[in-house]
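First comes the structure, then the notes that go with it.
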Amino acid sequence: MIEPRTLKGFRDHLPAQALAREKILDIARRVYRSYGFAPIDTPALEYLEILTGKGSEETDKQLYRFTDHGGREVGMRFDLTVPFARFCAQHIATLGTPFKRYHMAPVWRGENTQRGRYREFMQCDFDTIGTTSPVADLETVLVVHDLLTAIGIERFTIRINDRRLLGGVLESLGLADRSTDVLRSLDKLGKASPAAVAAELVGHGIAAAAADRLLAMASLSGPPGDVLTAVEPLVVDSESGQAGLAALRTLIDGTRQAGVAEGTVVVDPSIARGLDYYTGIVLESFLDDLPTLGSICSGGRYDNLAGLYTKQQLPGVGASLGIDRLLAGLEELGRLDATETPAEMFLVFFDEAHLADYLRIAAGLRAAGIAVEFFPEPRRVGQQLKVAAKKGVPAALVIGSDEFAAGTAQFKNMAAQTSTTIDWHGDLHVLVDAVHSLLVTRNHPPV
RNA sequence: GUGGCUAUAGCUCAGUUGGUUAGAGCACUAGAUUGUGAUUCUAGGGGUCGCGGGUUCGAGUCCCGUUAGCCACCCCA
């Protein structure tokens with residue numbers, strides 16, 4: 001016998017989890033579309049040369065690669081951004097700009113696993129390409145806000161910053177050429193203590209006084225306006241720093257005008273993002289109840305997405321929802337629905353002689369948009385209801401020979417353990433309407 | 001990729017300084033109840049103790065390797 005097992009970092013998805021995933025994917029799709037983002041898809045596999053050398057050496061090491069049967073060097077995509085860059089270089093002439101797309105698909109990274117970190121996981125990207133407008137930046141933040149709100153997360157924070165602001169501060173400290181080391185260290189502030197980060201900065205050869213100023217800057221918090229005012233003196237002599245400051249002001253004002261609640265979007269000067277290609281705003285978002293989980297939705301602005309594949313300059317802005325990390329967080333917070341079935345109604349197969357009637361009733365309910373699970377065997381009623389309860393079907397319909405004779409049906413609310421008699425006199429429309437109104441009065445859990 | 005911790009029934013876990021046939025709760029199956037699912041009672045099924053090797057008269061227990069999970073580094077969703 002072969003031992004059934006899955007590869008490290010790869011997982012099966014059982015119905016309860018798959019239902020939660022699909023529900024979030026549906027919400028993401030709806031929110032993205034509500035801003036006019038159009039769906040695209042690209043292959044899981046790309047020529048290796050398309051994928052290598054784009055991020056750091058790390059991403060090259062994490063790349064799943066192999067030689068295919070035709071001798072081609074092939075890689076599996078490790079994010080959706082690089083394939084999108086290739087996609088734009090090939091198709092942007094046909095599509096025109098600005099172009100807004102969303103892309104929800106699995107990616108693969110051969111890195112070590114941890115909670116919420118897997119080797120196969122799904123990303124839900126959206127990007128606006130071909131415009132440098134601040135409105136596109138604003139919409140990116142608003143999409144993230146709408147998305148997390150629609151998923152039903154009450155407490156979350158979107159942290160934004162601007163790479164130019166960081167760059168300006170580094171410039172004025174004479175550290176412009178050390179930006180990669182500095183940004184990586186600052187990025188750890190959420191996890192490591194300020195003292196530890198300061199030590200690391202000094203370890204990189206940065207003067208203690210400069211490290212202190214960087215930390216003071218990165219530790220700023222409070223209302224966005226106050227943070228920006230506090231940072232301003234640090235970039236007075238930096239043109240790009242001022243531009244970043246102005247961009248953040250515009251962005252904060254925009255979110256306010258769009259009706260986002262105060263405190264949901266904050267300026268955090270320590271947000272840097274590891275990826276080198278960001279050049280303007282950067283954003284991360286956190287569950288307030290589980291900040292150690294890390295960012296569940298991140299992104300930013302870049303000047304030139306597809307420079308490696310085309311001479312056309314394509315600036316853009318976008319972000320990505322890490323649905324697997326989010327699900328891990330929601331599970332830890334006990335916010336996931338335990339239901340194992342999409343069925344809204346369980347139809348008990350009571351009396352074998354009435355099979356034709358059951359089939360007719362099930363078809364009528366389904367035609368009305370109600371998901372019906374009809375039990376395939378005429379087993380004991382108790383057994384069937386037990387199955388319905390275990391799966392978490394919210395309602396059951398019991399119709400036996402007595403009910404058929406009387407023209408009635410028993411509607412059972414499984415959670416409330418209540419039973420309602422429906423008089424339908426053999427008229428399917430009456431039954432369907434009654435079931436429909438009884439079902440919509442139930443309360444739906446958030447996720 | 002490096003280091004640390006962990007692995008016993010579907011799930012959560014006991015299992016003594018190494019000692020005979022590895023247990024509990026929950027879950028599952030059947031019955032009490034040939035028409036009613038969170039209660040009760042009765043009976044039952046289910047474990048190569050992650051996997052492989054070693055030490056020993058004897059290993060769930062000790063040692064080595066390996067696989068997987070968690071944690072830290074690294075990086076990131």
Side-chain angles (χ1 to χ4, degrees), chain A residues 1-11 14 24 28 55-63 78-81 104-125 144 180 183-185 187-188 190-192 196 200 272-276 278 283-287 292-299 319-329 332 346 348-352 354 375 378-405 409-419 421:
Chain A
M1 280 249 268
I2 297 161
E3 189 190 350
R5 54 189 189 144
T6 47
L7 283 167
K8 179 183 174 73
F10 289 72
R11 301 153 305 149
L14 273 58
I24 289 173
S56 53
E57 296 170 24
E58 282 300 319
T59 50
D60 281 3
K61 270 195 276 179
Q62 292 173 3
L63 204 58
F78 63 90
D79 70 9
L80 298 179
T81 305
M104 307 195 293
V107 303
W108 297 271
R109 293 182 194 175
E111 67 176 333
N112 234 337
T113 54
Q114 247 176 71
R115 175 185 65 163
R117 298 177 60 164
Y118 311 100
R119 290 186 167 176
E120 176 182 60
F121 61 95
M122 188 166 269
Q123 288 192 327
C124 307
D125 279 30
V144 172
T180 304
L183 296 186
R184 285 222 169 110
S185 298
D187 216 23
K188 291 176 191 165
K191 283 172 145 183
E200 184 173 314
R273 308 281 313 134
L275 291 167
D276 298 325
Y278 290 120
L283 68 95
E284 298 192 340
S285 46
F286 297 83
L287 302 179
T292 55
L293 185 69
S295 175
I296 49 166
C297 194
S298 320
S320 179
L321 171 71
I323 187 172
D324 293 281
R325 179 177 285 185
L326 173 62
L327 282 166
E332 195 165 328
F346 186 96
V348 173
F349 190 175
F350 203 135
D351 182 353
E352 201 164 6
H354 281 97
F375 201 75
R379 291 225 293 255
R380 287 200 349 243
V381 177
Q383 280 186 338
Q384 295 190 44
L385 289 172
K386 207 169 168 185
V387 170
K390 184 193 180 307
K391 288 187 179 184
V393 190
L397 206 52
V398 182
I399 314 174
S401 46
D402 292 355
E403 283 83 358
F404 277 117
Q410 238 186 95
F411 177 96
K412 293 175 81 77
N413 181 325
M414 298 300 281
Q417 293 194 78
T418 58
S419 187
T421 301

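The structure displayed is predicted, hence computed values, not measured ones. The sequence lines fix the lettering, A, B, ..., with proteins before strands; numbering per chain opens at 1.
For A:S298, the listed nucleotide lying nearest its side chain is B:A77; candidates were B:A77, B:G37, B:G69. Proximity note for A:S295 (side chain, C-beta onward) versus B:C75, B:A77, B:G37: the nearest is B:A77.
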Would you tabulate the nitrogen or oxygen pairs shorter than 3.5 Å linking the protein to nucleotides 27-36 of chain B?
{"residue": "B:A30", "atom": "OP1", "partner": "A:Q383", "partner atom": "NE2", "Å": "3.2"}
{"residue": "B:G31", "atom": "OP2", "partner": "A:R380", "partner atom": "NH1", "Å": "3.0"}
{"residue": "B:G35", "atom": "O6", "partner": "A:D402", "partner atom": "N", "Å": "2.8"}
{"residue": "B:G35", "atom": "O6", "partner": "A:D402", "partner atom": "OD1", "Å": "2.6"}
{"residue": "B:G35", "atom": "O6", "partner": "A:D402", "partner atom": "OD2", "Å": "2.5"}
{"residue": "B:G35", "atom": "N1", "partner": "A:E403", "partner atom": "OE1", "Å": "2.9"}
{"residue": "B:G35", "atom": "N2", "partner": "A:E403", "partner atom": "OE1", "Å": "3.0"}
{"residue": "B:G35", "atom": "N2", "partner": "A:E403", "partner atom": "OE2", "Å": "2.5"}
{"residue": "B:U36", "atom": "O2", "partner": "A:K412", "partner atom": "NZ", "Å": "2.8"}
{"residue": "B:U36", "atom": "N3", "partner": "A:Q410", "partner atom": "OE1", "Å": "3.0"}
{"residue": "B:U36", "atom": "N3", "partner": "A:Q410", "partner atom": "NE2", "Å": "3.1"}
{"residue": "B:U36", "atom": "O4", "partner": "A:Q410", "partner atom": "NE2", "Å": "2.3"}

Polar-atom pairs under 3.5 Å, protein N or O versus N or O of nucleotides 10-12 of chain B: list them with distances, or write none.
none

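Along RNA chain B, the nucleotide closest to A:E120 and the one closest to A:F10 are compared, and the more 5′ of them pairs with A:F10. A residue-by-residue look at A:I323 and A:T6 shows that A:T6 has its nearest nucleotide of RNA chain B further toward the 5' end.
Within 4.0 Å of A:G9, counting heavy atoms only, lie sugar-phosphate atoms of the nucleic acid but no base atom. Note on A:N112: a base of the nucleic acid sits closer than 4.0 angstrom, heavy atoms only. Across all strands, A:M122 comes closer than 4.0 Å to no nucleic acid atom at all (heavy-atom distances). Within 4.0 Å of A:A319, counting heavy atoms only, lies no atom of the nucleic acid at all.
Rounded to a whole Å, the CG atom of A:L397 is 17 Å from the P atom of B:G37. If you measure from atom CD of A:E284 to atom P of B:A77, you get 8 Å, rounded to the nearest angstrom. Here B:C76 presents its C1' atom at 11 Å from CG of A:D79, a figure rounded to the nearest Å. Between A:R109 atom CZ and B:C75 atom P the separation is 13 Å, expressed in whole Å. Separating the CG atom of A:L326 from the C1' atom of B:A77 is a distance of 10 Å, rounded to the nearest angstrom.
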**Prompt:** Dot-bracket for RNA chain B: what is it, with Watson-Crick or G-U pairs under 3.5 Å, [ ] where a pair crosses earlier ones, and | for a pair to another strand?
**Reply:** (((((((..((((.....[...)))).(((((.......))))).....(((((..]....))))))))))))....

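Applying side chain to side chain contact (heavy atoms under 4.5 Å, CB included) to A:I296 and the options A:D324, A:L326, A:V144 leaves one that passes, A:L326.
Counting atom types as modelled, A:R325 pairs a side-chain N or O with a base atom of B:C76 as donor and acceptor under 3.5 Å.
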